[in-house]
Amino acid sequence: MTITLDLSRSRDAAATPARRPNLTGLTRPALVAALEAGGLVQAGKAKMRASQLWRWMHHYGVTDFALMTDVAKELRAALSDAYDLSRPEVVERQVSVDGTRKWLIRMAPGIEVETVYIPDVGRSGALCVSSQVGCTLNCTFCHTGTQPLVRNLTAAEIVAQVQVARDELGEWPSPKEDRRLSNIVFMGMGEPLYNLDGVADAIDIIADNEGIAISRRRITVSTSGVIPELKALGERTQAMLAISLHATNDALRDELVPINRKYPIAELLAGIRAYPGLSNARRVTFEYVMLKGVNDSQAEARALVNLLAGVPAKINLIPFNPWPGSPYVCSDWGAIEGFAAILNRAGYASPIRTPRGRDILAACGQLKSESEKERASVRRARERVVVAGDSAGTDPRDPD
Ligand code: SAH
Ligand code: SF4
């Protein structure tokens, strides 16, 4: 008798074991609920166990239950059989000549996001996190805006970006002082206010004092101006607010930031003035991308001063980062300085954001799509090498 084994299917089954729920991206209440529902911890002790696990996961950054020495050995083994603590895969790591680092992280098949660490920004270094894959909005100067929305990232996937950065920077246990990663900015891919639930839960986890402990005052959420969600953002997160303004009149902003057609400038400013917790100590950051001949005249700088009168604000001037096919060019340096001088004279701090990580395509508005392009070109280069009969395994990314 001949028995035929279906080896292909059994290999597949071995390659994709049943997935255990990952605990590292749950909020505290969700973690307690998961432990209660899982039935592994004694009734009435879920809250205490959750606190223990929380400290191991978010203060020490461990990804192995075996290291949780204040949990009984049998329970550690049972938890390890039932749950997962692992990180998503880091597909690519790049370091810029200026110290900026970029990671391409695969959250799930086809769901890859970029996260950028920028040294010497904020108190000591900022992590720029993505909140969506792609974006539904189509700001005309932004490369992400040319990509369709794939989906919102979950809170766990947003937190994972911080955990990966901490792993890579060697910042566990969570340092009290002298941190390299001191600030978080939601300025990567996507519109955070179209994913407020994910963003708010992620901030609850990141800001928790017994874990990653990055204070809410050091977390900034940047929005193109989704006015109906502004109040909820402030109330739920107490995060600092950044607004992508980019123009001082509706005609131009309608063109640059099309969501302006729905939520025009006057309504946006009214929403900002009502932002919970706004004060001179907690000012709004206005982002203003410098586009040559489009929005960079001295008259526009004066219009900006008038527009923001009475709003506790700082203004961040961002030199435009071009991308292939982009319809704009960056303003001349002199124009940017002239613009900044008018804002400074009116009493506004208006730093010009030095483009960082341009050599690794990590600057504002260049995320993800550019890296896909680069990877495609790397693939093409490799194919050329193979066709030319050179060493087939050579990866042009290898330094030597
Ligand atoms: N969607 C949110 C947050 C992500 S974009 C928002 O629009 O605010 C983060 C910042 O990068 C925004 O201020 C955005 O306007 C800016 N930006 C996008 N593309 C850019 C580019 N090519 N050059 C410079 N800044 C850019
Ligand atoms: Fe989306 Fe922000 Fe880019 Fe506009 S600037 S397309 S809102 S990511």
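Sequence positions, counted from 1, serve as the residue numbers for this chain. Read the numbers this way: they start at 1 and go in the same order the structure lists the ligands and their atoms. Just the heavy atoms: all of them, side chains too, but no hydrogens, waters or symmetry mates, feed the values below.
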If we only count N/O pairs under 3.5 Å, is Gly190 in contact with ligand 1?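 Yes, at least one N or O pair falls under 3.5 Å.
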Which of the numbered atoms in ligand 2 are below 4.0 angstrom from a heavy atom of [X]?
X	answer
Gly145	6 (S)
Cys135	1 (Fe), 6 (S), 7 (S), 8 (S)
Leu137	6 (S), 7 (S)
Ser224	7 (S)

Measure [X] to ligand 1 on non-hydrogen atoms and call it side chain, backbone, both or neither using the 4.0 Å cut-off.
X	result
His143	neither
Trp323	side chain
Thr223	backbone
Glu287	side chain

Basic-acidic side-chain contact under 4.0 Å: Asp197, Arg236: yes
Measure the shortest side-chain to side-chain distance between Leu153 and Ser130 over non-hydrogen atoms and say whether it is less than 4.5 angstrom. yes
Any side-chain heavy atom of Val221 sitting closer than 4.5 Å to one from Leu233? yes
Among all protein non-hydrogen atoms, which one is nearest to [atom], and what is the separation to 0.1 Å?
atom	value
atom 3 (Fe) of ligand 2	Cys142 SG, 2.4 Å
atom 2 (Fe) of ligand 2	Gly190 O, 4.5 Å
atom 4 (Fe) of ligand 2	Cys139 SG, 2.3 Å

Does a donor on one side chain and an acceptor on the other come within less than 3.5 Å for [X] and [Y]?
X	Y	answer
Thr248	Glu300	no
Thr223	Glu191	yes
Gln163	Arg166	no

Per-atom contacts, ligand 1 versus [X] - under 4.0 Å to a heavy atom:
X	answer
Phe320	21 (C), 22 (N), 23 (N)
Cys142	18 (C), 19 (N)
Phe141	15 (O), 17 (N), 18 (C), 19 (N), 20 (C), 21 (C), 22 (N)
Asn321	21 (C), 22 (N), 23 (N), 24 (C)

Nearest-option assignment for atom 16 (C) of ligand 1, heavy atoms, candidates Val289, Ile318, Val221: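 Considering heavy atoms of Val289, Ile318, Val221, the nearest to atom 16 (C) of ligand 1 sits in Ile318.
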If the cut-off is 2.8 Å, does any N/O/S atom of His143 fall short of it from atom 3 (Fe) of ligand 2?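 No, outside the cut-off.
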I need the single residue from Lys102, Arg101, Arg93 that forms a salt bridge (Lys or Arg N to Asp or Glu O under 4.0 Å) with Glu168. Which is it?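 Single pass found, and it is Arg93.
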May I ask you to check whether Tyr288 and Phe339 place their ring centres under 6.0 Å from each other? yes
Taking all non-hydrogen atoms of both residues, which atom of Gly188 and which atom of Cys128 are closest, and how far apart? N-SG, 3.4 Å
Residue-ligand contact Gly188/ligand 1, heavy atom below 4.0 Å: yes
Any donor and acceptor pair, going by atom type alone, linking the side chain of Tyr328 with main-chain N or O of Val294 inside 3.5 Å? no
Quick check: does any side chain N or O of Thr24 sit under 3.5 Å from a backbone N or O of Leu85, one acting as donor and the other as acceptor?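 A pair under 3.5 Å: no.
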Taking the inter-plane angle between the rings of Phe65 and Tyr83 on a 0 to 90° scale, is it parallel (under 30°), tilted (30 to 60°) or perpendicular (over 60°)?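 Phe65 vs Tyr83 ring planes: tilted.
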